[in-house]
Amino acid sequence: MVNLRGPIDVLVVGGGNAGLCAAITAGRAGARVVLLESATKDFRAGNSRHTRDVRYMHKAATEYVTGPYTEEEFWQDLRQVTGGETNEVLARLTIRASEELGEWMPANGVRWQKPLRGTLHLTRTNLFMLGGGKAMMNAYYDTACRLGIGIAYESEVGELIIRNGAFQSARILRNGASQEISAKAIVVSAGGFEANIPWLKEYWGDAADNFIIRGTKHNQGRMLKELLKHGAKPVGDPRGCHAVALDARAPKFDGGIVTRLDSPPFGIVVNKHVKRFYDEGEDFWPKRYAIWGKLIADQPDQIAYSVIDAKALPHFMPSVFPPVKAHSIDELAIALDLDPARLSAAVNEFNNAARPGTFDPGNLDDCRTEGIEPPKSHWARRIDTPPFYGYPLRPGITFTYLGVTVNERAQVVMQDGRPATNIFAAGEIMAGNILGRGYLAGFGLTIGSVFGRIAGREAARHVGT
Ligand SMILES: Cc1cc2nc3c(=O)[nH]c(=O)nc-3n(C[C@H](O)[C@H](O)[C@H](O)COP(=O)(O)OP(=O)(O)OC[C@H]3O[C@@H](n4cnc5c(N)ncnc54)[C@H](O)[C@@H]3O)c2cc1C
């Protein structure tokens, strides 16, 4: 039973990847650490338990990655996806520090595996966790327990007591009773506000009712709101988020990885009026998949349809739901509740525009369209081989980018530009410092792991351990 009344050096709020990295690091530095997690033990570890892989800088191939990934290439990839909307100092710090993760994670219980098929061209740049994020987080929790870190489940922090920019205590709701917990320093790693539909509606309007939340229902953004209320300097576009194309049949929360759809590059995507609306083959999927949620969010009724033929099926990891299957485009349209004449016309127009080329799913190939808007720049093969398949798509929100500004020590920066001496933030709640927009697959864990470790180290240093 965790003792919340005894002296606490470092209080960690949120038991996902960032929180555990912080807690373990502070614990190893000798601090008395308590971690508060709003979920039950079974549902602990937030969005982190749904992850599979982490992007990291490395100098050479290993048993688990196929080649080097340098700081410069990593930085250029990030610059490209963010369009330069990133804090270069923090971004480069993250990239450089990511090099240590290849050793730090296994030293704390994580095991790697070789990437499987259908893993988004990541075999060179990303490490895959054996057993995925669930096994990674179980290992971290075991390590934390061995280090004597106190963990309290079903303990949602509702309020932070902060005076003159210094943290004093946190008010939690536990076993139906309110309790105040004091600590010398706090690490806030409580995720974004992606599960808070009313808050999302402030920026997205009623469209947010049709969003599906891929991860935990517990990331309500209460800590983000508290920090902002106490004068933390916000960072990031409130509409900024990582959002993917999700199988529309997915559950509202916690569907995890198996409801994502990676079929768009291999066919066409149309909205409910059977209009294509974006270049499905613009770039490699790991650099584009995270914009598709927003693209669908901007369509009427936030619904879209991925249409492919039999040739495409082996090239992507399917969702857990079987595709809608038909022997003709007309039949497919009826099954998807689309106008058959319009879908046939859209497929014909696309097929006529597809130039002959050499299809290569592993490269930016020369299969492209000519004379249609929007174009399809790569992997544009005619949709002509039955059976035909379709998936209904919804925006699937992974995490939000609005967060608190931090410095290189993971301290929360206040509106007057000064860092709060004993308030640290890590993970989704500060990812917007580095991800102004766009996303690189596996980078959420990189940010959380690097800043979790920094926050843990600096919090322990602050309390003098
Ligand atoms: C389906 C899915 C797949 C993903 N795959 C990958 C991947 O392969 N690689 C990758 O890098 N990223 C991936 N991501 C993104 C990744 O999960 C996040 O970037 C990262 O895990 C965030 O870590 P975190 O610790 O900040 O947040 P979380 O892991 O979400 O942890 C936040 C925790 O805070 C708790 N909490 C919230 N509010 C409170 C409160 N008020 N009081 C107490 N506790 C609170 C929550 O219960 C939760 O456990 C994926 C996300 C999803 C949803």
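Counting convention: from 1, in listed order, for ligands and their atoms alike.
In terms of protein heavy-atom proximity, atom 26 (O) of ligand 1 is closest to E428 N, 2.8 Å. Closest to atom 41 (N) of ligand 1, if we only count protein heavy atoms, is V157 O, 2.9 Å. The protein heavy atom nearest to atom 39 (C) of ligand 1 is S38 OG, 3.5 Å. Among all protein heavy atoms, the one lying closest to atom 34 (O) of ligand 1 is G14 CA, 3.2 Å. When only non-hydrogen protein atoms are considered, atom 19 (O) of ligand 1 lies nearest to G444 CA, 3.4 Å. Nearest to atom 2 (C) of ligand 1 among the protein's heavy atoms is H50 CB, 3.6 Å. Nearest protein neighbour of atom 15 (C) of ligand 1, counting heavy atoms only, is F399 CE2, 3.9 Å. For atom 31 (O) of ligand 1, the closest non-hydrogen atom on the protein side is G16 CA, 3.3 Å.
S178 places no side-chain N or O within 3.5 Å of a backbone atom of L173 that could act as its donor or acceptor partner.
Taking the centre and axis of the six-membered ring of W199, the NZ or CZ atom of K225 falls inside the cone set by 45° and 6.0 Å. A cation-pi arrangement is not found for R44 relative to Y153, the charged atom failing to lie both closer than 6.0 Å to the ring centre and inside a 45° cone about the ring normal.
Note: an N/O pair closer than 3.5 Å links L445 and ligand 1 by distance alone. Between G46 and ligand 1, an N or O atom pair is found at a separation short of 3.5 Å. Residue T51 places no N or O, backbone or side chain, under 3.5 Å from any N or O of ligand 1. Checking only distances, T216 never comes within under 3.5 Å of ligand 1, N or O to N or O. Checked against a 3.5 angstrom limit, the closest N/O atoms of I257 and ligand 1 fall outside it. Residue contacts with ligand 1: T446 is placed with no nitrogen or oxygen under 3.5 Å of a nitrogen or oxygen of the ligand (distance criterion only). Where the criterion is an N or O separation shorter than 3.5 Å, residue side chain and backbone included, R222 fails it with respect to ligand 1.
Using modelled atom types, one finds no donor on one side chain facing an acceptor on the other under 3.5 Å when comparing R249 with Y391.
Between F74 and F443, the ring center distance clears the sub-6.0 Å criterion. When ring centroids are compared, W112 and F128 stay outside the 6.0 Å threshold. In this structure, Y289 has its ring center under 6.0 Å from that of H242. The aromatic ring centres of F277 and W292 sit less than 6.0 Å apart.
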side-chain contact (heavy atoms from CB on, under 4.5 Å) assessment of I8 paired with V10: CA-CA 6 Å; I8 299 171; V10 179; 5.7 Å; no
Steps toward side-chain contact (heavy atoms from CB on, under 4.5 Å) verdict (N219, E428): CA-CA 10 Å; N219 285 0; E428 288 177 5; 3.4 Å; yes
Residue pair E194, T400: steps toward the side chain to side chain donor-acceptor pair (under 3.5 Å) verdict: CA-CA 6 Å; E194 54 273 359; T400 45; 3.2 Å; yes
Candidate pair S449 and N17, rule side chain to side chain donor-acceptor pair (under 3.5 Å), full reasoning: CA-CA 7 Å; S449 309; N17 173 59; 3.1 Å; yes
Full working for side-chain contact (heavy atoms from CB on, under 4.5 Å) between I213 and I197: CA-CA 9 Å; I213 290 77; I197 307 262; 3.5 Å; yes
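In summary, R96 and E71 engage in a salt bridge, as defined by a charged side-chain N under 4.0 Å from a carboxylate O. For the pair R79 and E88, the salt-bridge criterion is not met [side-chain N within less than 4.0 Å of a carboxylate O].
Interface of E37 with ligand 1, defined as ligand atoms under 4.0 Å from a residue heavy atom, comprises 33 (C), 35 (C), 44 (N), 46 (C), 47 (O), 48 (C), 49 (O). Listed by atom number, the atoms of ligand 1 under 4.0 Å from V13 heavy atoms are 42 (N), 43 (C). In the vicinity of H218, heavy-atom distances shorter than 4.0 Å reach the ligand 1 atoms 37 (C), 38 (N), 46 (C), 47 (O). Those atoms of ligand 1 that come under 4.0 Å of a heavy atom in T398, given as number and element, are 50 (C), 51 (C), 52 (C), 53 (C). Residue-ligand proximity, A18 to ligand 1, at heavy-atom distances under 4.0 Å covers atoms 25 (O). Remark: ligand 1 atoms within the under-4.0 Å shell around heavy atoms of L36 are 43 (C), 44 (N). Taking every heavy atom of N219 and a limit of under 4.0 angstrom, the matching atoms of ligand 1 come to 30 (O), 32 (C), 33 (C), 34 (O), 37 (C), 46 (C), 48 (C). Atoms of ligand 1 found under 4.0 Å from any heavy atom of G191, numbered from 1 in the order shown, are 32 (C).
In A45, the part holding a heavy atom less than 4.0 Å from any atom of ligand 1 is the backbone. Heavy atoms from both the backbone and the side chain of S48 come within less than 4.0 Å of ligand 1. Contacts of A431 with ligand 1, taken as heavy-atom pairs under 4.0 Å, are absent altogether.
Within the 4.0 Å heavy-atom cutoff, Q220 does not count among the residues contacting ligand 1. Assignment of G255 to the shell around ligand 1 is not supported, since no heavy atom sits closer than 4.0 Å. Residue contacts with ligand 1 include Y439, since one or more of its heavy atoms lies under 4.0 Å from the ligand. Note on ligand 1: G442 sits in its first shell, one or more heavy atoms being nearer than 4.0 Å. Residue contacts with ligand 1 do not include R44, since none of its heavy atoms lies under 4.0 Å from the ligand.
Heavy-atom neighbours of R124 CZ from other residues, nucleotides or ligands within 6.0 Å: above the threshold of 12. Residue-environment remark: NZ (K114) stays at or below the threshold of 12 foreign heavy atoms within 6.0 Å.
Note: F399 and Y439 have perpendicular aromatic rings, judged against thresholds of 30 and 60 degrees for the angle between ring planes.
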